[in-house]
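Start at 1 and go down the list; that is how both ligands and their atoms are numbered.
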Amino acid sequence: MSDPGRQIGPDRLGRYYTKADIGHLLIDQMANHTPSRLLDLGAGGGSLSSAAINRWSGIEVLTVDIDRAVSARLIKCFGGEGSFKHRHIQADALSDRLPDLIFAKVDQIDTAVCNPPFIVPKWRKGFAQILEETGFSGCIPVVGDVDAALLFLAQNLRLLSNQATLGIILPDSLISATRYRRFRKELLQRYKVHKAIRLPRGSFSGTDALASIVIISKGSSTETTIKLSKLRDGRELEPELLVDIDEAVTRLDFDYHAQRLKGSRLGREPAVLGSIVSELKRGSVSSSEARAGDVPIFHTSDMSLSLSGEWCDLGRFSQVSGELDGVIRAQPGDILVARVGRNLERKVLGVLKGSPFLTDCVYRIQVPEHYRDRVLAQLSCADGQAWLASRAYGVGAKQLTKADLLTFPLCL
Ligand SMILES: C[S@@+](CC[C@H](N)C(=O)[O-])C[C@H]1O[C@@H](n2cnc3c(N)ncnc32)[C@H](O)[C@@H]1O
């Protein structure tokens, strides 16, 4: 077996199986389509394929997984009898020779489902060909460092016949991160992306990774908009938003565009934080240095949710006086915002007293004195929190970029 590369979670093959209701939701989104042959790369426990078998009677299913244990699991999951045909291949789905292997057994494939492993595989020469053939070769953020999800997506598109449809689960990095902007541009230009549905955390077993269902057809699009939605924790779908393709390149997520469109409906031509900040910096001490040192360093764990929006006395973090070379220190009047973490949108406070050193998980915002109360209030009110949450991204812990924070809209 090849070197699996960098893991994002504890499992080296990224075996975080889709929960059954999410599998059914994915298939429901492909419902106006009656396929005859379905491909499932990285089939795992078979939850996507079994939802497809349930929906489309008479379908022929071709599953592929590198894990030797999968074949027996799939037989158990699908049961022996039924109005479907199943074949399984134990193989590396990222081999550039996979098409030869598959097309020796079947001719055309008119639909595919996929939940790729959340890993960053060790780069191999064959990946370049997979990306090249599907138009994504110029989209890799750093050569040799690409999420498996992008490779699985490309491999599916390579294998599908023209006009075929793919329902795929993509990690939040591909949906929202700036480093994958170019990828989104190519995807939206070269293929028909029908919709993207953001899933709640807890949609997969063994991880609370953030991901979205994306439905894509081969063949270039004549559409100028894409449908975005979101599955709430209670499992209801938000009504769809229609978003211009050009806007969707920035991010393919519902929350971001819901906030953006809300701002423009209110006719707000807002000032942005970037237009009034004197300085926006992140702290400089890593959380491990902070834990190891004997000087108290202010970290996101010190930003309890009850302090959100308050001016706080942080005198207990100010036992050392003076400056330390290159170490960022806050001062009274500064506003602190969490940069990473699950509840980062609820971790915003002002420094009333004290001058704490900051970990690199905290932003220090300095604005002219006459703006301070308004900026703190607007960052921490319900709309401010919703805005911050919509800009935060991350497959695991959420994070907020400085570039995004500088675009926070303000009523001055
Ligand atoms: C996130 S799980 C998804 C499983 C299943 N499709 C589901 O939705 O529950 C990813 C699957 O990809 C498989 N996998 C990982 N690397 C692979 C590779 N290079 N080739 C084929 N399968 C791979 C894992 O064994 C695992 O079953």
Less than 3.5 Å between some nitrogen or oxygen of [X] and one of ligand 1, yes or no?
X	value
Thr18	yes
Ile66	yes
Gly42	yes
Gly14	no
Asp92	yes
Asp65	yes

How does Pro121 reach ligand 1, by side chain, by backbone, by both or by neither, if only non-hydrogen atoms under 4.0 Å count?
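No part of Pro121 comes within reach of ligand 1.
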Any idea which part of Ala43 is under 4.0 Å from ligand 1, heavy-atom wise: side chain, backbone, both or neither?
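The answer is the backbone.
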Numbering as shown, the atoms of ligand 1 that approach [X] to under 4.0 Å (heavy-atom distance):
X	answer
Gly44	4 (C), 27 (O)
Arg15	24 (C), 25 (O), 26 (C), 27 (O)
Ala91	20 (N), 21 (C)
Asp67	25 (O)
Leu48	8 (O)
Tyr16	1 (C), 2 (S)

Could you state the interatomic distance from CG (Asp96) to CZ (Arg124), rounded to the nearest 0.5 Å?
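Rounded to the nearest 0.5 Å, the CG-CZ separation comes to 8.5 Å.
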Interatomic spacing from CG in Leu314 to CG in Asp302 - rounded to 0.5 Å
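The CG atom of Asp302 is 8.5 Å from CG of Leu314, to the nearest 0.5 Å.
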Mind listing the closest non-hydrogen atom pair of Tyr363 and Thr401 along with its distance?
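The answer is OH-C, 3.2 Å.
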Heavy atoms only: which of Gly46, Ala93, Ala69 is nearest to atom 20 (N) of ligand 1?
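Shortest heavy-atom distance from atom 20 (N) of ligand 1: Ala93.
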Identify which of Pro117, Ser47, Pro116 has a heavy atom lying nearest to atom 16 (N) of ligand 1.
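The nearest heavy atom belongs to Pro117.
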Within the structure provided, determine whether Arg55 and Met30 are in side-chain contact (heavy-atom separation under 4.5 Å).
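The answer is no, as the side chains (C-beta and beyond) never meet within the 4.5 Å cut-off.
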Do Arg342 and Asp208 have side-chain heavy atoms sitting under 4.5 Å apart?
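Yes, at least one pair of side-chain atoms sits under 4.5 Å.
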Assess, by modelled atom type and distance only, whether the side chains of [X] and [Y] contain a donor and an acceptor separated by less than 3.5 Å.
X	Y	result
Lys195	Gln29	yes
Thr224	Asp244	no
Ser49	Thr63	no
Ser173	Asp147	yes

Please state whether Val64 comes within less than 4.0 angstrom of ligand 1, counting heavy atoms only.
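No.
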Under 4.0 Å, counting heavy atoms only: does Ser49 come that close to any atom of ligand 1?
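False for this residue.
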Ring centres of Phe136 and Phe183 under 6.0 Å apart?
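Yes, ring centres under 6.0 Å apart.
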Describe, in one word, how the ring planes of Tyr16 and Phe118 are oriented to each other, choosing from parallel (under 30°), tilted (30 to 60°) and perpendicular (over 60°).
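The arrangement is tilted - the two ring planes meet at 30° to 60°.
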